[in-house]
Amino acid sequence: MTFAVQQAVNAFTVGAIYALIALGYTMVYGVLRLINFAHSELFTAGAYVAFLLVGALGGTGHPGLALLAALLTFVAIGLFGVTIETVAYRPLRAAPRLAPMLSALGVAIIIQNAIMLVGGKRPLVYPSLLPSGTFDLWGAVVSAKQVTIFLVAVLLLAGLELFVNRTTLGVRIRAVSESLSTASLVGINPNRAIALIFFIGAGLGALAGILYASFYGVATFTMGFVVGLKAFTAAVLGGIGSITGAVLGGFLLGLIETFATALLPVLTDGVVGTEYRDIFAFLVLVGVLLFRPTGLLGDQVSEEAMVYKRDF
Amino acid sequence: MVKLRHAVIAALSIAALAGPARAADIVIGTAGPTSNAEALFGTTWMNGMELAIRDANATGGVNGQKITLRREDDGGDPKQGTLIAQKYCDSPEVVAVIANFNSGVTIPSSDVYNRCNMPQVSNSSNPRITQRGYKNLVRPIANDLMQGAAPARYALETLKAKTAAVVHDKQAFGQGVAEVFRQSFTNGGGRVVNFSGVTATDVDFSALITSLRGEKPDVVYYGGTLPAVALFLKQMREQGMTAQFFAADAAFLKDFINGAGQQAAQGTIVSFQAPPYDSTEALRRFAADYKAAFHEDPGPYSSYGYMEVSVLVDAMKRAGSPLSRDKIVAELPKTNMASLLGHVSFDSKGELRDPFVFLYQVKGDDFSLVKTGP
């Protein structure tokens, strides 16, 4: 029992982070049918920028400082995301789908190397920007950090859901996501909607980076790669293009990964150990793509989406 | 034609006579990094040798002959290391070498030294170095894997631990020391409740730690490198596991204490090859002599440099004069002597029979010695 509760707590913590990152992938894909490979690097960049800001603001003493640093990071990385879109993706919007994807890969490499040059190759010991302390839950140890990560993620996800479904800007985003050309016919500036999506997606990714680095106490310039692939898997699992799907996919992937990893040595009698943690995310990815390409909550594949697919 | 051959033979024999006649001193060659990022290690290591040579010369040298040290900079570069090796091989006055500092350099250079049967004392810790059966090579420093044994003994004998969980990062070094720990712990009567691998670059070990927590081991041994070892410990403490934690020398850095957090790191036991200079009377005297001679504190491997020269001098004394490489090679493996760091004797592969491994414990923000091993 304790074992199950503890593993569930572990799973929801990592799931919340996957969900936050998955949103960035899913929102961009929903509108541009583009897998934004640079997103995982914005996650890393978020952690590094917040680290610099916390240093500049003078330490981790006050919770308000951490909050301020996080807010500034959200805005900075959000604007950076918009810049990337303008510079690297917008000129290629009419090009075959492969071109912006390669452009995204290029941007990812540039950002990763820039982080390495600025932040150094050595792992960064990351200050905890989250409240400390632990409490007991049916025998499991739950830390305040884990609760904070879960709550922050849930609040942000709920806020985004409300924003997209209940506000005028949200309506525009949805319209552009449904059909870019039709939306512009009814007077919506698609560029603005797309910029907004990049702003929110990148910002959320950056926040996930801060939570992740604070929780584990370390940041490396390569940390985005595997986490990004897993978050992308979460987005595909939930149904790429769907915001609710990304959230569901994130938590589900966290649960699958944690429980499968914990049970693996038990089931195989120690032959295959916990070092194979990473295979589950990718097994899920392969499985979903083979048997249910639209994911759990994915839309029916529309005529337009099919056209895009042929472009590959 | 016959005349020419005689002339050549005559010239050669003159050269052969002239060679040793010119070399009034016995020359020990050394090569290590003295100009790159590891320059501090290399230079202080060689200074330790210098000190040993002064001491030996002050007490009569080797059977009346003085010794000199010839230093070369290999820059930690295998190419440079093999060039230097060839140079030493071609210099008849060099009768033994202490080389190299880095494992990556020792492995190729030992091929060269083996071809000219040069007595070689290596300071590199990679297990592969002694696996090729070179009779001219000894390594008076614990190899990487031997570090697993001392913590296991300490856990069993001093901490009276009954059960252990062993975690490693699947790398040659990490898994190697972890397996040695498991074997020593089991042989000593302990029970290993869990032996698991993790990914070296991973940061989330919560799934494994939750399983370990249920198994309640007395001690946890982690074979692996930073930053994973620090993160593992941190997450272990966060989940409320209080088992004694052990780590290999990769964690013997302040980064480990910072990475895990000072509170979580308290009490962790880390193994390392070199002792602190205040642990014995001999080492305290060595540190004082070193400071007087070089106007700085000894480096982490200075005592090793000193000990390695002592080992060579001891073998040379037994070899008797006239000295030759072959004679030293024959004597070197028979070494059986007390040294600055402890007793030195070699097994059939040229490895230390009782490797020096020192256990340090994290206290406050630093490491302090708990037990001089083995």
Side-chain angles (χ1 to χ4, degrees), chain A residues 1-14 17 122-128 132-136 139-146 212-213 215-220 222-223 225-227 230 254 257-266 270 272-280, chain B residues 37 165-171 174-175 178 182 192-216 223-242 253-265:
Chain A
M1 179 61 195
T2 305
F3 178 82
V5 175
Q6 184 74 60
Q7 296 292 19
V9 170
N10 300 339
F12 276 105
T13 312
V14 58
I17 290 171
R122 287 173 49 151
L124 213 61
V125 174
Y126 209 86
S128 176
S132 56
T134 56
F135 58 91
D136 203 85
V141 179
V142 183
S143 70
K145 284 182 195 173
Q146 288 174 306
Y212 184 87
F215 182 60
Y216 294 118
V218 71
T220 56
T222 51
M223 73 180 189
F225 183 68
V226 171
V227 182
K230 286 184 185 169
E257 190 179 81
T258 307
F259 278 94
T261 308
L263 292 177
L264 196 60
V266 181
V272 183
T274 49
E275 65 269 30
Y276 289 96
R277 188 167 93 99
D278 288 349
I279 63 169
F280 296 106
Chain B
V166 182
V167 182
H168 63 84
D169 65 1
K170 304 269 305 178
Q171 306 296 304
Q175 188 166 359
R182 171 167 70 169
V192 172
V193 292
N194 194 315
F195 188 79
S196 294
V198 294
T199 311
T201 51
D202 208 345
V203 295
D204 186 345
F205 308 104
S206 54
L208 174 60
I209 290 170
T210 302
S211 305
L212 292 186
R213 200 160 70 103
E215 289 157 355
K216 296 193 173 55
T225 52
L226 284 171
V229 56
L231 295 177
F232 190 90
L233 173 60
K234 183 174 169 215
Q235 289 168 30
M236 225 177 87
R237 297 289 185 243
E238 274 171 1
Q239 282 208 21
M241 267 185 88
T242 52
L253 284 173
K254 290 279 174 73
D255 280 4
F256 168 71
I257 301 175
N258 296 336
Q262 200 170 317
Q263 204 188 343

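In what follows, every chain begins at residue 1, and chains take the letters A, B, ... in the order their sequences are listed.
For B:Gln235, the part lying near chain A is the side chain, with the backbone staying farther off; criterion is any non-hydrogen pair under 4.5 Å. Of the atoms belonging to A:Tyr126, not a single heavy atom falls under 4.5 Å from chain B. A:Val125 touches chain B through its side chain: at least one heavy atom from C-beta onward sits under 4.5 Å away, while N, CA, C and O do not. Contact annotation for A:Val14: only side-chain heavy atoms (C-beta onward) come within less than 4.5 Å of a heavy atom of chain B.
Within a 6.0 Å radius of CZ in A:Phe259, other residues, nucleotides and ligands contribute more than 12 heavy atoms.
Against chain A, the residues from residues 203-213 of chain B that qualify, each with a non-hydrogen atom under 4.5 angstrom away, are B:Val203, B:Asp204, B:Ser206, B:Ala207, B:Leu208, B:Thr210, B:Ser211, B:Arg213 in number order.
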A:Asn10 vs B:Gln239, side chain to side chain contact (heavy atoms under 4.5 Å, CB included): CA-CA, chis, key distance, verdict: CA-CA 10 Å; A:Asn10 300 339; B:Gln239 282 208 21; 3.6 Å; yes
Side chain to side chain contact (heavy atoms under 4.5 Å, CB included) assessment of A:Arg277 paired with B:Asp202: CA-CA 9 Å; A:Arg277 188 167 93 99; B:Asp202 208 345; 2.8 Å; yes
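We find the CD-CD distance between B:Glu238 and A:Gln146 to be 7.5 Å, quoted to the nearest 0.5 Å.
A pairwise comparison of heavy atoms in A:Phe215 and B:Lys234 identifies O-NZ, 3.6 Å as the closest pair.
Options B:Thr199, B:Val167, B:Asn194, B:Asp169 differ in how many heavy-atom pairs under 4.5 Å they form with chain A, and the most are formed by B:Thr199. In terms of heavy-atom pairs under 4.5 Å with chain B, the best-connected choice from A:Thr258, A:Thr13, A:Val218 is A:Val218. Ranked by heavy-atom pairs under 4.5 Å with chain B, the list A:Ser143, A:Ala262, A:Ala11 is led by A:Ala262.
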